[in-house]
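Quick note on labels: first sequence line is chain A, next is B, and so on, each numbered from 1. Below, all heavy atoms of this structure are taken into account, side chains as well, without hydrogens, waters or symmetry copies.
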Amino acid sequence: MAESTAQANQFAPLETTEAVQTISRPSLSYWQDAWIRLKANGRAIFSLYLVIGLVGFTLAGPVIWNVDPAAQDVDQISLPPGAARVVTLVPESSSWAGGSATGSGLHFAEPPTTQHVRLAWDAVPAAAEYRVYRTTYSIGPERALGLPLFETTETYFEDLLDLRPRNYFYSVVPIDTTGQEMDTFETIEGTLERVITESEARDRGLLLPGETAPMGTTYTLKWHPLGTDYLGRDMLARLMHGARVSLFIGFLAPILYVLFGVVYGSTAGFIGGATDQVLMRFADFVVALPFLLFMILFKVVFAVGPGESGIMPMLLAMVLLLWPATARLVRGQILQIREEGYISASRLLGAGTGYLVLRHMIPNTMGVILVTITFAVPSAIFTEAFLSFIGMGVAPPTPSWGSMCNEGIKTMLTTPHELIFPALFISITVLAFNLLGDGLRDALDARMRNRE
Amino acid sequence: MTEPLLSVSDLEVEFDTYGGTIHAVRGVNFDVHAGKTLAIVGESGCGKSVTVQSIMGLIPVPPGRITSGTAMLSGHDILQSSTVNGQDIRGDRIGMIFQDPMTSLNPTMNIGSQIAETLIVHRGYTRKQAFQRAVELLDLSKIPEADKRARQYPFEFSGGMLQRAMIAMAIACEPDILIADEPTTALDVTIQAQILDLLTDLQRENGMAIVLITHDLGVVARMADEVMVMYAGEVVEEGTVDEIFYNPGHPYTVGLKAAMPTNNPDTDLRLTPIDGSPPDLFDPPPGCGYCARCPEAMQICKDTPPDTFQLADGHTARCWLHHEGRQAAQT
Amino acid sequence: MGRYAGKRIVQGIITVWFIATATFFAMHAVPGDPLSGEKAMTEQIQSNLKAKYGLDQPLMTQYAIYLANIARGDFGISFTQENRSVNDIIKEHFPVSATLGILAIFFAGLGGVLWGALTALYRNRLPDTIIMFLVILGISVPSFVIAALGQLSIVNLNDLTGISWLPIGGWGTVWHMIVPSLVLGLSTMAYLTRLMRSSMLEIVSADFVRTARSKGLPPTQIFTRHQLRNAILPVITVLGPSIAAITTGGFVVEIIFAIPGLGRYFVQAVQQLDYTVIMGTTVFYGGFLVIMVILVDLIYGLIDPRVRLE
């Protein structure tokens, strides 16, 4: 009996307690949804932090590291980061006429310092003259001896030319009476000690007026966290100030030309008809202009005068040349949205043009515009770097990452840090914006919304 | 009844998505008989397309996965491998046409070559022979000026014409089975009738079996010999077309019928929608999938999956309403 | 196809005219008179220029003379080199740049399609991850840094092995071309790889690919005839801009590798304010790029019937 009751209960009608018409997932606005997607994208968020960090580096950096980017530290030229900064006080240099008997063969007559390198060698019987070479590389089978410094009939030589605290290889090649270099030559290697004379020390403020110090006293020179460039300027300070130029152009140019493109494109798209045709034909022609060639051309046209940085002409040229892509995009979007049902519906309900544009058109194109700007930033930074690199960009002494690369590439082999740091900054910035752009596009893409 | 051409049993298919695993098909059995039309009916997302696409080996793996089941065609399980003796049964023994003809053809190849491809691969025709045959097939599919049309590209065709070309392609190797996945959904009503007529004509001439997937009961009534109603990845009712229409055994079938427009002047002109939406297949309900929307739901439906009840010869329904206990409870 | 080609050529001619006009008026907007500025110039050049351009004439007459000269393919005479015509300069230096560019676009196109297809097929697996990481690097590192690194690696290679495998710079043999053209094509290759990958991913799930599989075609045939052919279309559409990018990218590579190409000459001319060379090469490059874009469009038309038969 109980069993059959239980069975009967089983077949009793089910009370519908829960409403059937519930929507199981919460509804989100377009931007809320996009933000959730973006947050889920680790690479994009990482890039966002990088971008924020870069902006901080640019704005707050120069306040914290308050060093003049144009100040030259002549004691520390092309110095890599982390190099020894100890300097020893030595007497003023006096002229030298050879005559040290110690040692035979090619040898240093005195320990080599950045003040002078004194070489002496044995006479070669058949030689009429000797040629002295200097290089920073070890001499291989190719017999690349480096820079010919001097030719002398004597058997000694004093090198005073632009000496740095590093390793040098000196070679002395005898020259016969016919002026031909002989096959035999001698090479000596030496590490130069960094020294400073008393007057130089006073000059740098290491030695106060009236103060004296015994010879051999050591001082520590100014600290340059990222080293110095070929003029002894602080790399960190220059990178910070260069970031201002690069990011200024990188942000402002895209915003300006995207804005112009939006206005142009939406005007064309909204008015339509013949106006649209004429406007877009013109945009087609501007697109056809070879961009970098005309950037260079404009650079010539806006002839940058002395003392100007050349940032504004570059900005102007970018805006003049780059707006059509955005204009096309926005026009396409507007044309598409114009045909959408909800626009007709809104119109039927009595919405005016202004309302349609503000309430429907702009919000619906915002995503595309935002993505365009994000991708435009790295390309603007690239353009600035490219132009500055070929010497058509920001005029010296204003630093920019591109012009720093241009300067650094000349000493790429000996002091790579001068190229590496600005190149790294450009690459990281561009990388960050590219990844952020990817993330934004994925997050804002309506097609993706319906998947999953 | 004769030996079935294709026999599918216990098919289960899952998809891995970001939201979790979707159990799209949950234990489906059916047979396809030569010369007959089997209609698979159900609303969007009920697993009809996934069922036939897994038979054809068309579900993307990953994220898709066939977790169990067999599909026997001439003693060969085509779920394991779609090739028999190195010959692909797809396009040869089974042809398929899709819902949207506008996107289902390669936009950069002309129609004739796309039909010819099948013949070259399966029949070893030369390029020229195959193209010649393609023209004949287009003619057979009632495309006017077939020899000129064969050289044209998909974008030069209308939707109806493209679907005819798709049919020509699917029947190129005279398959035993033609699977038509919502063949008329994307077409105009007038074109729909023409395409259905074409399919019926071809079936009469070739004697092939048709598996017709649709959510349109009008199409079912016109075409089908047998009907299989799917809901939430399961077959809820199966039977001959007359049984299903005149003696539906599952509340869902009843609901589908009530939602279908008719031209019968005696009926109430108001259509009755089925309230709510299908269950979340991330986490299928333990009992009957239709329970939440069913007007006749009972306590048992919530937690116990229904058994299959035989209602008539070849007519089965998975619903507790047919359990003897229910009859007992009512009296 | 014939009508389509004709239409594109007319458009191209108008575009070249627009470029020439923009160049002309831009150069004449230079403060002061560019053609008789403070630049030291020999009598010979002065008189050559006066005769050539009718410098005393009003601007519009000069413009007409300029256009007529361009229509005849005459770009004028250099400012800084006596009796050397811009045509001669282009004739001498452009083949070098063109060789470099063709090699670079070849590397970029081939690599882009290959890597792109590969990453799409191995989606989210190790080869995809590795290649896409390199691609992101390739897109993010400026061309001159890549060029510098390329040169540095030659130096190191030669240094390590003690043998001069490859020349550090200059031009002449095939060996001179390898590294510069690779370096030049690299960022474009990265860009094309990305494009090809996303286009390929879209195609893999396209309806017509499903149709092809339902026909039982062998996978290789599906890949070549149905997937690759359609996936390559977006890559071809950006080949025009890519050629432009490689052309200007060539400036940097030519400078760094000391290659006597037109790009390096152009940059030099800009630094020396050699106005006629600047104008001439700009218009020449503009025309060249327009021709390339038209060529790319025609190739696109050959592959995509929708464009051809419009």
TODO: Would you please indicate if the ring centroids of B:F131 and B:Y125 are separated by under 6.0 Å?
DONE: no
Ordered numerically, the heavy-atom neighbours of chain B under 4.5 Å found in residues 217-226 of chain C are C:L217, C:P218, C:Q221, C:R225, C:H226
Is there a side-chain contact between C:V235 and C:S199 (heavy atoms, below 4.5 Å)? no
The interface call for B:I120 against chain C, heavy-atom contacts under 4.5 Å, is neither
Bottom line for B:M96: the part with an atom under 4.5 Å from chain C's heavy atoms is both
**OP:** Considering only NZ, NE, NH1 and NH2 on the basic side and carboxylate oxygens on the acidic side, decide whether B:K48 and B:D181 come within less than 4.0 Å.
**Re:** no
If you count the non-hydrogen atoms of other residues, nucleotides and ligands that lie under 6.0 Å from CZ in B:R123, is the total more than 12?
yes
- Query: For B:E145, does the CD atom have more than 12 heavy-atom neighbours from other residues, nucleotides or ligands under 6.0 Å away?
  - Reply: no
Under 4.5 Å to a heavy atom of chain C? For B:Q152 that would be neither
Within residues 163-180 of chain B, the residues sitting under 4.5 Å from chain C by heavy atom, in sequence order, are B:M166, B:M169
Distance to the ring centre below 6.0 angstrom and angle to the axis at most 45 degrees; does that hold for B:R149 and B:F157? yes
Residues pairing under side chain to side chain donor-acceptor pair (under 3.5 Å) where one sits in residues 204-215 of chain C, two or more places apart or in two chains, turn out to be B:T103-C:D207, B:E117-C:K215
| Do the rings of C:Y285 and C:F251 sit parallel, tilted or perpendicular, given the 30° and 60° boundaries? | tilted
Result block: side-chain N/O donor-acceptor pairs under 3.5 angstrom for residues 114-121 of chain C, not counting sequence neighbours:
{"unit_1": "C:T119", "atom_1": "OG1", "unit_2": "C:W115", "atom_2": "O", "d": "3.0"}
{"unit_1": "C:T119", "atom_1": "OG1", "unit_2": "C:G116", "atom_2": "O", "d": "2.8"}

Quiz prompt | Side-chain donor-acceptor contact under 3.5 Å, B:D16 with B:T21 | solution = yes
Side chain proximity check, C:P234 to C:E202, heavy atoms < 4.5 angstrom = no
